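Reading through the structure tokens given below for one structure.
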Amino acid sequence: MADLILSPNLPRPDEFYANLIAAHEGLTDDESAALNARLILILANHIGDSEVLEEALRIARSEA
Amino acid sequence: MFQDRYTLAFRLYPYARSVDQDAAAPAHHRVVVVGGGPIGLATALDLGRQGHPVLLLDDHEGVGQGSKAICFAKRTMEIAARYGCGSKLVEKGVIWNLGKVFHDDRKIYDFNLLPEDGHRFPAFINLQQPYFERFLHEQIVAEQAKGAPIEIRGKNRVDAVEVKDDGVALDVMTPEGGYRITADWLIACDGASSPTRKMMGLDFEGKVFQDSFLIADIRMKSESFPTERWFWFEPWFKSGASTLLHKQPDDVWRVDFQIGWDVDRKEELREEKIRARLDAMLGAGVEYDLVWSSIYTFQCRRMKKFRHGRVIFAGDSAHQVSPFGARGANSGIQDVDNLGWKLGLVLEGRAPDRLIDSYDEERRHGADENILNSTRSTEFITPKTKMSHIFRNAVLELAEHHDFARGLVNSGRLSVPCTYDGLSLTGADALPGGPDRTRPGSPCPDAPLGAGFLLDRLGGGGFTLLTIDAEAPETFVEDGITVTRLALSAGDGPALRERYLGGAASAVYLLRPDQHVTARWDRFDAAAVRTALRHACAKD
């Protein structure tokens, strides 16, 4: 059972961030929301660890 | 004063004057069942087969029209087999394994239920509810001929229930006027809007889903719609926010259109309006007859307690779910299966009254599991917020190209019986390496035994000691309860080995009359079995 990683883990953070924003270029708000939803589902399946996912949900929610 | 609420499909028990109506004092009955739907009929059948006198009161004279519940699960067929009418269901029913899921104008994927080998019955059959009820009634008639003390009174409506510590008194209305009876036990199987529950002022709380569904049963001779379950999310033909097409016997198809919350029911039920929806979906030029139609809304809710002294609620009167997953009638039949042997033992004085409390505990657990599953399906099919809708459609889009997302598509998780994990009657698991699926509390999975099947060997109505390559006495009696041994061997088949031995070399299972595992061991230990048996009958 892995713990949710909250320390820096992206090798090239600026590049990832730029790619994320670029992926949304030219999309309407609805299309962007749909893209985000697909992305979350793909990543969640890749993680596949329910404890990690629940922890991530909890932390994301606590920022709201 | 006596108006039919619905048209009959089969008139099975016409009103006839009973001696109770002319009795000087109220006649007394041991068990009265209210409601002649599938749950009431099965309850009467279960108790009558055990030899317990049972009186069933129904305010109609037979089975109502309309397909209603159409999907019967393996467990229901297994229970019906125990009652003697399992084969009829399968012979009449439509067996299906293939499903297709569509979004808009695209088929996203298809699936095969891939039923596991080595079971007498298929995973599901589609069958109109009136047939199911008729088969149960035919079995009642067959049991009556053999002497089973079952009596059914048509057009006998319970108008008042007076609850006492040791029973009930009922005011019953008939076309010839009213009469009064008393009973030790009352089993209320009178449906989701249970008059019994209302007369007793009991709660029925839960979640109302703000959507309506239009059901149309159509008869057509068509090659273009095979025996498969087709489910559309947001179909291109715009006949509903979702649509389900499912085959029933007699060339009848069930079509369900999700049509929204604020609908004019009368307008939507006009034949031209229904045909417009159907034509858009089926394409022009497809000939069909409209057999039955109805609009329903649904709730997921249950009573806080299913037992109130000597009054017991079973089926929809106790719990109601959305139709997705076929968890209504199927779970009601499991209620009956659970209650039958317990009430039998209590009626015979062989188990204490508190055994009935375990019905309440176990079936509330079952209802919660069904409500959870059916609520989740409902949320997926009818998303209630914009974000929920975005995620639902993201799942559908991904499912078209990626396997992983198909597991998230939820158009109903089909009914399976629950396991009574950790509940009061459930005993020890002392079988190291034993399979998870047969742990204590589980319903026994079937397995082939020679030319027959395991579950048919567990249908005797009593407790069974199933031994696999283990020594044990052929029968033994503990405080009035007899246990009969069924001696098997690992050599009897790979399915038996895989489902009951797992990594163990030998096994001893104590099985309840409803074919749930009470406890299991790797060898026979008289003291341990006696303890588990007393425990399973609420004696300790």
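Within every chain, numbering begins at 1; the chains are lettered A, B, ... in the order of the sequence lines, protein sequences first and strands thereafter. Since the structure is predicted, the reported quantities are computational estimates derived from the model, not experimental observations.
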Exercise for the section: Return the minimal non-hydrogen interatomic distance between B:Ala394 and A:Ala34, and the atom names on each side. Expected result: CB-O, 4.4 Å
Handout entry: Crowding at CG, B:Asn112 (>12 non-hydrogen neighbours, <6.0 Å)
Key = yes
Exercise for the section: State whether the number of non-hydrogen atoms from other residues, nucleotides or ligands found under 6.0 Å of B:Phe111 atom CZ is greater than 12. Expected result: yes
Exercise for the section: Go through the atoms of A:Asp30 and report whether side chain, backbone, both or neither lie under 4.5 Å from a heavy atom of chain B. Expected result: side chain
Handout entry: Exceeds 12 heavy-atom contacts within 6.0 angstrom, atom CD1 of A:Ile5
Key = no
Exercise for the section: Counting only heavy atoms closer than 4.5 Å, note whether B:Ile390 contacts chain A via side chain, backbone, both or neither. Expected result: both
Practice task
State whether the number of non-hydrogen atoms from other residues, nucleotides or ligands found under 6.0 Å of B:Arg439 atom CZ is greater than 12.
Solution key: yes
Practice task
Taking atom CG of B:Asp264 as the centre, report whether more than 12 heavy atoms of other residues, nucleotides or ligands fall under 6.0 Å from it.
Solution key: yes
Completion exercise
Heavy-atom nearest pair, A:Leu41 first then B:Phe391, reads CD1-O, 4.2 Å
Problem - Heavy-atom contact with chain B under 4.5 Å, split by part of A:Ile42 - result: both
Exercise for the section: Would you give the length of the straight line joining atom CG of B:Leu408 to atom CG of A:Asn45, rounded to the nearest 0.5 angstrom? Expected result: 7.5 Å
